[in-house]
Amino acid sequence: MKLDKEWWRTVRFAIAEERRTTRLMAVLIVVGVVVGALIMMIHGFTVTVG
């Protein structure tokens with residue numbers, strides 16, 4: 001019984017870890033897109049002004 005409980009805890013921990021990693025990836029992608037858009041806007045603004 002003890003071994004079964006330990007195994008379930010390990011599985012649950014792995015799932016939680018994977019979910020956190022997925023969320024981290026999503027956040028990184030969103031940040032990258034926002035930063036990329038800002039850089040493009042700044043470059044476009046510079047080109048328009050220049």
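Remember, predicted model here, so these are calculated numbers, not experimental data. Note that these values count all heavy atoms, side chains included, but never hydrogens, waters or copies made by symmetry.
- Here Val30 sits in one hydrophobic cluster together with Val34, Leu38; the rule is ILVMFWY side chains under 4.5 Å apart, joined directly or through other members.
- Cluster partners of Met25: none. The rule joins Ile, Leu, Val, Met, Phe, Trp and Tyr whenever side-chain heavy atoms lie under 4.5 Å apart, and it links nothing here.
- The salt bridge (Lys or Arg N to Asp or Glu O under 4.0 Å) analysis of residues 18-38, with sequence neighbours excluded, yields the pairs Glu17-Arg20.
- Qualifying salt bridge (Lys or Arg N to Asp or Glu O under 4.0 Å) partners for Arg9, counting only residues two or more places apart in sequence or in other chains: Glu6.
- Neither Leu24 nor Ile15 shares a network with the other; the hydrophobic side chains, linked directly or stepwise wherever heavy atoms of I, L, V, M, F, W or Y lie under 4.5 Å apart, form separate groups for each.
- Side-chain atoms of Trp8 and Asp4, non-hydrogen and from C-beta on, never get closer than 4.5 Å to each other.
- Through side-chain heavy atoms spaced under 4.5 Å, either directly or across other Ile, Leu, Val, Met, Phe, Trp or Tyr residues, Ile39 is tied to Val27, Val31, Val35.
- Think of Phe13 as one node in a network of Ile, Leu, Val, Met, Phe, Trp and Tyr side chains linked at under 4.5 Å; it has no links at all.
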